Amino acid sequence: MALQCGIVGITNVGKTTIFNCISNTKGETSSFAFSAVKSNIGIVQVPDPRLYELEKHQATEKIVHTTVEIVDIPGLARGSNKGEGVGNKFLGDIRNTDALIHVLRCFDDEQLPHVDGSVNPVRDIETFDLELQVKDMESVMKKIERLQRAAKVGDKDAIKGLAALNKFKEHIEGFNNARTLEVSEEEKKVVDDIFLLTMKPVLYVCNVDGSSATTGNKYVESVKEYLKGTEAEILVIAGAVEAEIAELESLEDRLEFLKDAGLSEPGVDKLVRGAYKLLNLQTFFTVGPKEIRAWTIHKGMTAPQAAGVIHSDLERGFIRAEVMKYKDFVALGSEVACKEAGKLFVEGKNYVVGDGDLLNIRFNV
Ligand SMILES: Nc1nc2c(ncn2[C@@H]2O[C@H](COP(=O)(O)OP(=O)(O)OP(=O)(O)O)[C@@H](O)[C@H]2O)c(=O)[nH]1
Ligand SMILES: [Mg+2]
């Protein structure tokens, strides 16, 4: 399940500042462009309020959150693909991720000059995307050359593959990201093995000044306008404020601070949940007096596969799963009540686990 979400963007926009709010590993922040020399990897807890709801109905010794891997990657600049700034090295780190959190500078700060001279998040998206598109173009061209040889001797798959690749080529040549090309599943498979950078799902984060945390600002508006019509999700986060919240030790202090800032929860909590969703992950729960715990699965996993996330023995010796829906359990209040109401389901090995399912695995090894 080692899926990874990368925090990416132009240099000096607040990526590491935001990463440090969610991760126990701390990366170095600096007001100098290109000062970051390595990516920071963090195992980040996925905040899930449902765990505390469950605890209201089942006293327990501990609550265990599930986690997601997030990596903070040093920023790119115009020309990175040719070795500008920190150059190519981090394009490789981006390639290793499964989804991207693209941080955009949407705050003014005269003390902190932007590498391209002014604050303009739409230009930054274009700058960043172009760097990735250039690399993707190289990958597509390489595969085209490879398939052309096979197509010449009449290989049918190669001929089909070429048709798909040419669609991608044309699309990317027009300064578009691979993810926005409408293609069939079969055509998409053709580029599976070249790991296109602009194919990765993306979540945009507008890093705003504290006073714009709840309202947004003109920069955020320009980003929304630019991304209109794409499926992209946009989050507004005040990085500097989030950093202050993360510094606070006690929960009371944090709540007080959030209230003053007009926020219901830290913005980075939304960010982590967004990353989780972007990776196509979902959660099931196990609930008992020893622990209430959230577990991560891919969408579409069956009950035995989910059992295997807990322990391989549970998958090997899987007999059946007793399933309660989260909503039923919190509405009815207990397993017994669910059973009486006909809301405790006994499911076999083909059952596809739903988000928020409470599972009790019966197994025998
Ligand atoms: N005013 C203001 N400054 C911020 C904010 N977020 C980050 N900064 C400052 O911006 C500078 C760069 O922040 P980093 O988090 O290091 O930026 P980065 O995107 O990781 O930069 P690279 O790793 O070089 O790509 C630091 O001096 C931060 O204190 C913000 O929301 N408001
Ligand atoms: Mg950084």
Side-chain angles (χ1 to χ4, degrees), residues 4-42 44 70-81 83-94 97 100-121 123-125 127-129 131-132 202-220 223 234-247 257-258 261-263 266-268 270-271 275:
Q4 206 183 52
C5 197
I7 302 184
V8 299
I10 301 294
T11 185
N12 245 352
V13 294
K15 296 181 296 300
T16 303
T17 303
I18 289 173
F19 172 81
N20 285 348
C21 302
I22 52 180
S23 169
N24 293 328
T25 347
K26 297 285 173 250
E28 240 173 89
T29 62
S30 132
S31 51
F32 297 106
F34 310 122
S35 56
V37 291
K38 67 170 182 51
S39 297
N40 304 302
I41 297 183
V44 173
I70 294 189
V71 49
D72 164 43
I73 302 174
L76 298 183
R78 202 177 291 279
S80 283
N81 67 78
E84 286 296 323
V86 287
N88 262 337
K89 178 169 179 298
F90 300 114
L91 283 168
D93 285 357
I94 295 177
T97 66
L100 306 176
I101 295 170
H102 187 161
V103 178
L104 299 166
R105 173 161 170 182
C106 293
F107 61 86
D108 289 311
D109 184 345
E110 271 158 27
Q111 307 299 314
L112 190 75
H114 187 291
V115 272
D116 284 328
S118 61
V119 178
N120 181 342
R123 176 205 56 211
D124 288 355
I125 295 178
T127 304
F128 180 86
D129 283 355
E131 294 306 314
L132 304 198
V202 61
L203 165 71
Y204 292 93
V205 172
C206 294
N207 185 12
V208 299
D209 54 286
S211 61
S212 309
T214 52
T215 53
N217 59 23
K218 62 177 195 241
Y219 300 124
V220 177
V223 171
I234 304 166
L235 274 184
V236 179
I237 283 185
V241 174
E242 296 290 327
E244 282 184 60
I245 298 172
E247 289 282 309
F257 193 104
L258 285 168
L263 300 167
V268 288
K270 274 193 214 130
L271 176 71

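Please read all numbers here as calculations on a predicted model, not as lab measurements. In listed order, ligands and their atoms are each counted from 1.
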What pairs of donor and acceptor atoms, side-chain ones from residues 102-109 against any protein atom, are under 3.5 angstrom apart with sequence neighbours left out?
unit_1	atom_1	unit_2	atom_2	d
R105	NE	F107	O	3.0
R105	NH1	L112	O	2.7
R105	NH2	D109	O	3.4
R105	NH2	L112	O	3.1
D108	OD1	Y219	OH	2.6
D108	OD2	Y219	OH	3.4
D109	OD1	Q111	N	2.9

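- Inspection of the environment of the Mg ion (ligand 2) yields the following protein N, O or S atoms under 2.8 Å: T16 OG1.
- In terms of heavy-atom proximity, Y204 sits nearest to I125 at CE2-CD1, 4.1 Å.
- Between the side chains of S212 and D209, at least one donor N or O lies within less than 3.5 Å of an accepting N or O.
- Listed here is the closest heavy atom pair of V13 and I10: CG2-O, 3.3 Å.
- Listed for the E242 side chain is a donor-acceptor partner under 3.5 Å among the backbone atoms of V268.
- Counting only N and O atoms by type, the side chains of H114 and N120 include no donor and acceptor under 3.5 Å apart.
- With hydrogens and angles ignored, the 3.5 Å screen pairs a side-chain donor or acceptor of N207 with a backbone N or O of G239.
- Between the side chain of S23 and the backbone N or O of N20 there is no donor-acceptor pair closer than 3.5 Å.
- Protein residues with any heavy atom under 4.0 Å from ligand 1: T11, N12, V13, G14, K15, T16, T17, T29, S30, S31, F34, A36, P74, G75, F107, D109, L112, N207, V208, G239, A240.
- For A213, the side chain to side chain contact (heavy atoms under 4.5 Å, CB included) test picks out A238, L263, with sequence neighbours left out.
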